[in-house]
Amino acid sequence: MKITMKREGFRKTFLQRSLRVMGIGAICFSFVMSLGACSDDDDGKKEAEPEVNGASVRIGNTSRNMPASGTVYAQYGDSPTGSDIAKLVDNNVNTCYQTDHANFYVMYKADKDLLLNCYTVCASSGPSTNDPKAWTLKGSNDNAKWTTLDEQTGQTFGDRKEVKEILFENEAKYRYYKLEVAGNNGGSATQIAEWTLKYKNVSLHPDEPHSVEIDKFFTNMPTVGTLTAQYSDYPEGQWVRNIADGDNRTHYTTSHTHFYLLWEGDRSTVVKYYSLTSSEDDPKNTPSAWKLYASNDKTTWSMIDQRMDQNFGDRLKDKIYVFNNKEAYQYYKLDIEANNGGDCTQIAEWTLKDVPDIDDLMGLADGYSGSDLTPMGGHYANRHVATAEDRKWLLNPENESDELYAWDGHWKEFPVTLYPYGKPLPADANQHGIGNCSLVAALASMAYIYPDFIKSLIQDNGDKTYTVSMFDPQGKPIKVCVSSKFLAGQSEEMFCCTGKDNKATWATVLEKAIMKWNYIFNVNKNTGGIGSEHVPPLFTGDGYSFGFAPGRLTAWQLQRAVMTSLMEGKLVIGGFNKGDLVAPDGSGKTVTAHAWTLMFSADPSALFGMRNPWGLCYDANGKRDGVLNVFEGQMPSTIDLRIINPGIAANSKEGGVFEPYYPPNYAPQEVRITPVSRTK
């Protein structure tokens with residue numbers, strides 16, 4: 001789209017912008033307003049009747065090309081079938097008006113006097129030689145005396161269906177607006193896809209980007225700095241300051257669909273996420289595609305995130321975007337490339353931060369598990385204190401727990417491959433015959449966020465035994481040594497947690513270490529039904545956690561709670577209180593009374609992903625490793641969360657996790673599934 005503004009008596013070109021717009025919907029990207037008041041029919045003016053030797057089409061108030069009902073005339077009636085004057089104003093860039101003349105006019109007679117200051121001309125999809133090259137726009141109230149409003153010469157359209165938008169200075173209302181074409185680019189015919197007229201509430205200085213100083217009271221941005229919009233053509237009160245004021249009831253508006261917003265901080269900062277909030281107006285005006293760039297000199301820019309085909313759906317909705325950035329930048333530029341088909345683009349809020357917070361949500365949290373008596377949490381307060389004999393027993397790999405009696409199994413030696421995929425992955429932890437989904441979900445969460453920490457926990461003694469670093473109920477370090485004998489069922493296959501090939505992994509070893517730990521400290525009767533918040537403290541030494549009950553958070557608050565917690569390195573476990581809900585993408589169904597591991601989804605349109613400890617989901621491809629994608633709709637209100645501190649695991653990694661979980665390649669297989677246990 002090319003934009004030009006003319007101001008008589010001062011300067012010929014007031015504003016000139018060029019944007020190439022391709023495809024359907026490229027006709028108009030402006031803020032459409034009709035400010036003209038109806039004039040008296042009997043005002044003493046005598047109008048000359050329009051020439052009728054050409055053709056005409058009547059348009060109504062719903063036309064997107066013209067601001068009011070009226071009639072559009074063509075000087076000549078020589079248009080071929082399918083390219084008549086109606087195609088000039090049909091809001092379809094794939095059709096066009098055609099005449100055999102290079103010099104002609106088209107005219108709009110409104111049903112009332114109108115104050116207009118903008119028009120567009122759209123090239124057809126035909127030969128560029130048929131494009132108009134020179135023209136004049138005139139206004140009149142009697143179809144006899146005409147005032148020149150704008151004049152263009154030497155115009156070329158670089159792309160097919162390109163729109164040229166032209167602004168002109170005008171303070172008078174006219175009933176007639178006439179576009180007189182004075183030549184084309186050498187073709188035997190002239191073609192125009194679309195012609196529009198409108199009023200735009202533009203700034204008097206649209207060449208100058210609009211900036212606003214952001215101080216410490218504006219919490220959207222990471223520091224004090226300056227926020228700049230590329231264009232200052234906002235309507236009154238809808239300026240760029242609104243996107244950083246923390247109030248989603250205000251918004252910034254521009255008539256452009258391709259523009260940038262620039263943040264300049266007073267110092268360089270690391271940004272790892274941003275959010276956009278849709279305005280309360282037309283959903284079509286919401287951005288749909290953009291890129292985020294960063295720089296330290298405003299010359300060399302690095303693209304750090306890109307989004308396409310975004311749909312906000314509801315009004316005043318926050319969408320959070322996370323990316324793994326470790327570089328500090330002073331400048332961040334959001335380059336909006338398209339909206340959802342609107343005449344203007346609107347944004348209620350834009351936030352740039354290192355890690356978002358959920359302080360405003362904590363009033364809705366419950367189920368706090370912390371304790372003043374032990375860092376392991378209230379569940380481990382006032383428990384057995386390890387003796388020297390206890391520690392000695394735990395270090396002897398030949399000593400076994402009594403877990404097998406709870407499950408009618410027996411101990412059997414199995415080969416161990418600690419890390420089948422080179423590092424611990426959630427895919428290594430799959431629930432089988434024991435009802436310990438919360439335990440397995442917690443181990444999978446540790447593998448997702450802290451794979452190196454898991455490696456640091458396990459010492460391979462080289463003799464089919466493994467020493468695991470743990471904590472006792474008082475939060476003091478303790479060592480537990482296990483053999484390669486694991487719980488087997490009547491079929492002689494492993495009854496406990498396994499990897500994808502039904503062989504022992506790091507998860508199997510940690511699960512057995514927990515069994516031995518429970519034998520000595522007798523905190524949990526057995527690993528079946530153990531709460532998700534009670535598992536990580538055994539390895540991390542930190543039992544603080546809290547939860548959100550189903551329905552306490554909106555879908556987008558839930559997403560923020562999950563994303564923020566993961567980015568902060570916290571372990572997130574959840575569950576559903578309603579079963580058999582089907583994910584819209586076919587990734588599976590919900591299961592009740594069951595713990596799941598929450599993670600970033602590989603699907604950018606999903607709120608987040610939830611991995612089933614079974615390693616599969618009902619009615620889903622087994623290669624997904626049980627990852628169910630959660631979208632807006634019925635699912636979010638049925639989810640409860642448990643957010644668990646990472647303790648010493650956080651020392652093994654800077655920050656949390658920012659990437660989706662991508663399951664490894666493996667051959668899907670039947671996994672024996674036990675009746676589920678509680679989620680927390």
Side-chain angles (χ1 to χ4, degrees), residues 397-398 400-401 403-404 407 409-434 436-437 439-470 479-489 491-517 527 535-536 538-539 597 599 611-616 622-627 649 652 661-674:
E398 295 182 2
E400 304 288 3
S401 74
E403 185 91 9
L404 60 90
W407 306 106
H410 60 280
W411 298 114
K412 179 181 176 182
E413 187 169 303
F414 290 94
V416 177
T417 303
L418 286 176
Y419 314 113
Y421 303 105
K423 68 176 183 178
L425 291 177
D428 301 326
N430 301 278
Q431 182 188 8
H432 284 283
I434 303 176
N436 60 352
C437 58
L439 182 152
V440 179
L443 294 182
S445 183
M446 290 170 58
Y448 173 48
I449 306 175
Y450 298 109
D452 291 338
F453 174 68
I454 288 178
K455 282 190 171 183
S456 73
L457 293 175
I458 303 174
Q459 175 183 315
D460 185 344
N461 299 320
D463 58 357
K464 298 183 181 180
T465 69
Y466 303 89
T467 302
V468 179
S469 298
M470 301 181 73
K479 298 286 187 179
V480 178
C481 189
V482 299
S483 69
S484 296
K485 293 180 180 179
F486 303 104
L487 191 62
S491 63
E492 298 298 323
E493 291 185 350
M494 297 187 73
F495 198 67
C496 53
C497 174
T498 74
K500 288 301 179 187
D501 55 0
N502 283 323
K503 293 184 180 180
T505 67
W506 61 267
T508 319
V509 171
L510 294 187
E511 181 189 46
K512 185 172 183 183
I514 294 173
M515 291 178 181
K516 288 192 67 170
W517 190 99
T527 54
V535 176
L538 301 178
F539 306 104
T597 303
M599 49 188 54
R611 180 186 182 265
N612 191 327
W614 298 341
L616 56 81
K623 290 187 176 182
R624 298 183 63 91
D625 191 25
V627 177
S652 66
Y661 169 57
Y662 297 99
N665 293 323
Y666 59 88
Q669 61 187 18
E670 288 293 325
V671 178
R672 291 171 288 115
I673 301 171
T674 186

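Note that the structure is predicted; figures quoted are calculated from it, not measured.
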Original post:
Hey, are S469 and K479 close enough side-chain-wise for a donor-acceptor pair under 3.5 Å?
Top reply: yes
Where do [X] and [Y] come nearest, in terms of heavy atoms and distance?
{"X": "Y661", "Y": "P426", "result": "CE1-CD, 3.5 Å"}
{"X": "A441", "Y": "T597", "result": "O-OG1, 2.7 Å"}
{"X": "N461", "Y": "C481", "result": "ND2-SG, 3.7 Å"}
{"X": "S401", "Y": "W411", "result": "O-CZ2, 3.6 Å"}
{"X": "P663", "Y": "D625", "result": "CB-CB, 3.7 Å"}
{"X": "T498", "Y": "H432", "result": "OG1-NE2, 2.6 Å"}

N/O donor-acceptor pair under 3.5 Å between [X] side chain and [Y] backbone:
{"X": "T508", "Y": "C497", "value": "yes"}
{"X": "Q431", "Y": "I434", "value": "yes"}
{"X": "R611", "Y": "M599", "value": "no"}
{"X": "T465", "Y": "P397", "value": "no"}

Subject >> Sequence neighbours excluded, every pair satisfying side-chain hydrogen bond (donor to acceptor under 3.5 Å, both in side chains) that has a member inside residues 441-455 >> reply: none
Subject >> Residue among L510, V482, T467 satisfying side-chain contact (heavy atoms from CB on, under 4.5 Å) with I458 >> reply: L510
Original post:
For E492, does the CD atom sit with more than 12 other heavy atoms under 6.0 Å from it, leaving out its own atoms?
Top reply: yes
With a 4.5 Å heavy-atom cut-off, do [X] and [Y] have their side chains touching?
{"X": "Y419", "Y": "P424", "answer": "yes"}
{"X": "F486", "Y": "V416", "answer": "yes"}
{"X": "L487", "Y": "E511", "answer": "no"}
{"X": "T527", "Y": "C496", "answer": "no"}
{"X": "W517", "Y": "V468", "answer": "no"}
{"X": "M446", "Y": "L457", "answer": "yes"}
{"X": "F539", "Y": "I454", "answer": "no"}
{"X": "N430", "Y": "L616", "answer": "no"}

**OP:** Please name all residues satisfying side-chain contact (heavy atoms from CB on, under 4.5 Å) with K464, sequence neighbours left out, ordered by chain then number.
**Re:** E413, S484
Original post:
Of all residues at least two apart in sequence or in a different chain, which pass the side-chain contact (heavy atoms from CB on, under 4.5 Å) check with T417?
Top reply: P420
**OP:** Please say which of K412, K485, K516, K512 ends up in a salt bridge (Lys or Arg N to Asp or Glu O under 4.0 Å) with E400.
**Re:** K512
